[in-house]
Amino acid sequence: MTVVDEIKSSVVKGVEDLYGIKVDPEKVITSLTRKEFTGDYTVVVFPFSKMAKKKPDEVGVEMGKYLVDNIDQINDSNVIKGFLNLSLSDTYWKNFLFNIANDSKYGKFDKNGKTVLVEFSSPNTNKPLHLGHIRNILLGWSAAKILEAAGYDAKKVQIVNDRGIAICKSMVAWQLFGEGATPASTNTKGDHFIGKYYVQFETAFKEEYKTWQNSADLPALPFEHDPEKMTEDEFWKKHKNWYFNNHSKLGASAKEMLLKWEANDEATRSLWKQMNGWVYEGFDETYEKLGVNFDKLYFESDTYILGKDIIEEGLKKNIFYRKEDSSVWIDLEDAKLDHKLVLRSDGTSVYMTQDIGTANVRHQDYGMDKMVYVVADEQDYHFKVLFEIMKRMGAPYADGLFHLSYGMVDLPTGKMKSREGTVIDADDLVKEVIEEARLKCLELGEVGNLPIDQQQEIFYKVGMSALKYFIVKVNPKKRMVFDPKESVDFQGQTGPYIQYAFVRTNGVGNTAKKDEVNLEDAKAYKGLEPSERELILQLSEYPHLVQLAAKELDPSIIAAYCYNIAKLYSKFWNDCKIFGLDKETVAFRVLLSQQVGTILKSGMELLGIEMPEQM
RNA sequence: GGUCUCAUAGCUCAACCGGAUAGAGCAGCUGCCUUCUAAGCAGCAGGUUCCAGGUUCGAGUCCUGGUGGGAUCACCA
């Protein structure tokens, strides 16, 4: 039982003993005492003062006395404006530090026997990964790590969108313009190689469309052009899809390719396999750089036909209904979600059907209790509908479905748009950030004399932490702005700042080893400086925050926490000397540094960030 | 137009689900390296939390109504 729990239950008992009122322990509000006041924990007494019909301060004083009398560790209390501040003894905090030093699993919860699937990344195979994917990947990875720490068996999966019109466009362009080139022959990373042909297709299509617009005998157009309401450009933009489907030569080739693919045409399938293979090689390289991996990949080419049988089952249960044209729908009006198509009139699947089917297959594979989809917030509606359907279908994991919805990454100039070339490429960004780190390390750090491969490793870790921390510190739900020039910083609330604090703890450890400091001596340490006390108090919050982050699926909670610890350690570093003092003090501060280092490392690991030994 | 979502310092973000005087970082200014790594520390300055009401001991947080951004409302994925 933690102190906080103990305080809460004592408050409950106290309220009952003193005033004869029963309260729910959940309703007891405690928090860390703010810096301006003396105390460690604060209890809000307003609710009890209302029930007891006494003045808040009066209740506070009575409760304070009760708690000091009944909980050994609490040795003082004060009341300010209805807030009861409780102080724990120095001995308590010192013992707390000794306890976690002996607990190798501090902050890691016992297995709860539940399995959770985390789906993330899920790229299309027609172009390379970009900054948006990076946010997705970091969130997914981190969510999985946090859930693991909270006791779940977390499986990392993705659905690879490897089929459809987009990849066919790349295939057509490669046939038309490729002249047999390969990633190897052009010395290009596979995903970039394919992306190049996708862009080439789009460019050629645009040209074709333009020529057609200016040609003499245009057919009747489906949309009217009202010059008052739209510009010429907007007018043609509106017709783009229609043109692609009905008049474009390139469009026809791509569509033909798709039909052949669906008909299992041998040549088409083998070209498709080859081109996707190139893309996967490229993706793997990027994933490795980002330090992530997956337990299982699901491919849309396998799953896109799934789900139909489930729809049939649902039809029997009257969850779905069939229209006259034999398309199948679900009525979700009572959930304020409208009617939604789940099967086309020709009997083929739609996106929703696939997702239903895929969820089912995953349940056969893993029997998961929970599933987290890391997908951008533009799909909020889709997942609301999907989850509602799964609930009505009675899926056993329906209550464990969670959409980790995150906001887009914007540039200072506005949205990233692949069509306008304003996309930040993942590989470029990684490379840039490592280069920045190299310059910074050589300027500020003490790495110049290390062997070159160790230097490289440090540059990599520092650069990646700057990038990752910047992204993961923001609450996932919020849109965020990424300024390529300024965003990836190395000072202040950043990854490298936290790494720097860690490197200091590491240095302390090395010196302690050299000086043969005996950590047992720490137990005889007599004092406790404010910055030491504050640090230990924060260390004690770690498990609680891991749980909170797991519950909210929010890595930014951990990111903020790590920063907090690093900051307090930096303060401690400045306030307190570590070596060259009596052996008890030295031992205690070495032990404290060691624990700070341990927590920083495991906290940052939850965010997918590695710590360098030195920098 | 319906639905969802967001709005906090010049900029980028916090505020642990309603708690004390709204906090950090960056940018700006002032100090601190002969001593464990100054990627640091201490300090100054910066706010009508978009607006108007409401709920209550207490509202950035909840409710209503505005304003402004974004998303979504396909037999696309």
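Quick note on labels: first sequence line is chain A, next is B, and so on, each numbered from 1.
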Trainee: Going by purine N1 to pyrimidine N3 plus the second Watson-Crick contact, or the G-U wobble pair, all under 3.5 Å, which nucleotide sits opposite B/C44?
Mentor: B/G28
Trainee: Name the orientation of the base relative to the sugar in B/C32: syn if the glycosidic angle is within 90° of 0, else anti.
Mentor: anti
Trainee: Taking only side-chain nitrogens and oxygens of A/Lys81, does any of them come within less than 4.0 Å of OP1 or OP2 of B/U21?
Mentor: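 For B/U21, OP1/OP2 do have a side-chain N/O of A/Lys81 under 4.0 Å.
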Trainee: Find the distance A/Asp515:CG to B/C36:C1' and express it as a whole number of Å.
Mentor: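 It is 10 Å, rounded to the nearest whole Å.
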Trainee: Give none if B/G1 has no partner; otherwise give the nucleotide forming a Watson-Crick or G-U wobble pair with it, both distances under 3.5 Å.
Mentor: B/C73
Trainee: Nearest of B/A77, B/G25, B/A7 to any side-chain atom of A/Gln354?
Mentor: B/A77
Trainee: Check whether the aromatic ring of A/Tyr381 stacks on the base of B/C73, taking stacking as ring centres less than 5.5 Å apart and planes within 30° of each other.
Mentor: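 According to the criterion (under 5.5 Å, under 30°), no, A/Tyr381 does not stack.
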Trainee: Does the side-chain ring of A/Trp573 lie flat on the base of B/G40, meaning centres under 5.5 Å and planes less than 30 degrees apart?
Mentor: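 No, aromatic ring not over the base.
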Trainee: Whole angstrom is fine here: how far is it from OH in A/Tyr563 over to C1' in B/A15?
Mentor: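 Distance check: A/Tyr563 OH to B/A15 C1' gives 14 Å.
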Trainee: For atom C1', what is the distance between B/C17 and B/A74, given to the nearest Å?
Mentor: 37 Å
Trainee: Using atom C1' in both nucleotides, what's the gap between B/A22 and B/G47 to the nearest angstrom?
Mentor: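 Looking at atom C1' only, B/A22 and B/G47 are 9 Å apart.
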Trainee: Quickly work out the A/Trp329 CH2 to B/C73 C1' distance and round it to whole Å.
Mentor: 12 Å
Trainee: When both hydrogen-bonding distances must be under 3.5 Å and the geometry is Watson-Crick or G-U wobble, what is B/C62 paired with, if anything?
Mentor: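 B/C62 is paired, partner B/G54.
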Trainee: How many whole angstroms separate atom CD of A/Glu378 from atom C1' of B/G70?
Mentor: 11 Å
Trainee: What distance, rounded to whole Å, do you find between the two C1' atoms, one in B/C6 and one in B/G40?
Mentor: 36 Å
Trainee: Respond yes when some side-chain nitrogen or oxygen of A/Lys440 is under 4.0 Å from OP1 or OP2 of B/A39, and no when none is.
Mentor: no
Trainee: Watson-Crick or G-U wobble partner for B/A20, using a 3.5 Å limit on both distances?
Mentor: none
Trainee: Would you please indicate yes or no on a ring centroid separation below 6.0 angstrom for A/Phe383 and A/Tyr373?
Mentor: yes
Trainee: Would you say whether A/Tyr497 stacks on B/A39? The test is a distance between ring centres of less than 5.5 Å and an angle between planes of less than 30°.
Mentor: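 Not stacked by the 5.5 Å and 30° rule.
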Trainee: Provide the distance between the two C1' atoms, one in B/C50 and one in B/G68, to the nearest whole Å.
Mentor: 8 Å
Trainee: Can you tell me which nucleotide in B/A77, B/G23, B/G19 comes closest to the side chain of A/Pro47?
Mentor: B/G19
Trainee: Between B/U48 and B/G60, how many Å separate the two C1' atoms, rounded to a whole number?
Mentor: 12 Å
Trainee: When you measure from the centre of the six-membered ring of A/Phe244, is the NZ or CZ of A/Lys169 closer than 6.0 Å and no more than 45° off the axis?
Mentor: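 Verdict for A/Phe244: a cation-pi partner in A/Lys169.
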Trainee: Write down the partner of B/A9 under the Watson-Crick or G-U wobble criteria, each distance required to be under 3.5 Å.
Mentor: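 The answer is none; no pair meets the criterion.
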Trainee: Before accepting this row, confirm whether a basic side-chain N of the pair A/Glu262/A/Arg163 lies closer than 4.0 Å to the acidic partner's carboxylate O.
Mentor: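 Judged by the 4.0 Å cut-off on N to carboxylate O distance, A/Glu262 and A/Arg163 do form a salt bridge.
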Trainee: Do A/Thr33 and A/Asp40 have side-chain N/O donor and acceptor atoms under 3.5 Å apart?
Mentor: no
Trainee: In this structure, are over 12 heavy atoms from other groups packed under 6.0 Å from A/Glu443 atom CD?
Mentor: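 Yes - once you tally the heavy atoms of other residues, nucleotides and ligands closer than 6.0 Å, there are more than 12.
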Trainee: Sort and list the pairs that fulfil side chain to side chain donor-acceptor pair (under 3.5 Å) and have at least one residue in residues 557-569 of chain A, not counting sequence neighbours.
Mentor: A/Tyr569-A/Ser593
Trainee: According to the Watson-Crick and G-U wobble definitions, with both distances under 3.5 Å, which nucleotide is paired to B/C33?
Mentor: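 Across any shown strand, B/C33 pairs with none.
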Trainee: Report yes if at least one side-chain N or O of A/Arg34 is closer than 4.0 Å to OP1 or OP2 of B/G19; otherwise report no.
Mentor: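 False: A/Arg34 side-chain N/O out of range (4.0 Å or more) of B/G19 OP1/OP2.
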Trainee: Quick check, does A/Phe46 stack with B/G19? I mean ring centres under 5.5 Å and planes off by under 30°.
Mentor: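 Yes; by the centre-distance and plane-angle rule, A/Phe46 counts as stacking on B/G19.
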Trainee: For nucleotides B/G46 and B/G58, find the distance between their C1' atoms and express it as a whole number of Å.
Mentor: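 To the nearest whole Å, 27 Å.
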Trainee: If you assign each of A/Ser345 and A/Val481 to its closest nucleotide in RNA chain B, which residue comes earlier from the 5' end?
Mentor: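 Going by which nucleotide is closer to the 5' end, it is A/Val481.
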Trainee: Quick one: CG on A/Leu535 to CD1 on A/Ile565, what's the gap to the nearest 0.5 Å?
Mentor: 6.0 Å
Trainee: In whole Å, what separates the P atom of B/U21 from that of B/A7?
Mentor: 23 Å
Trainee: For A/Lys551 and A/Val474, find the nucleotide of RNA chain B closest to each by heavy atoms; which residue's nucleotide sits nearer the 5' end?
Mentor: A/Val474
Trainee: Indicate syn or anti for B/C63, taking the glycosidic torsion and treating anything within 90° of 0 as syn.
Mentor: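 Anti, since the glycosidic angle lies more than 90° from 0.
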Trainee: Sticking with atom C1', work out how far B/C41 lies from B/C36, rounded to a whole angstrom.
Mentor: 15 Å
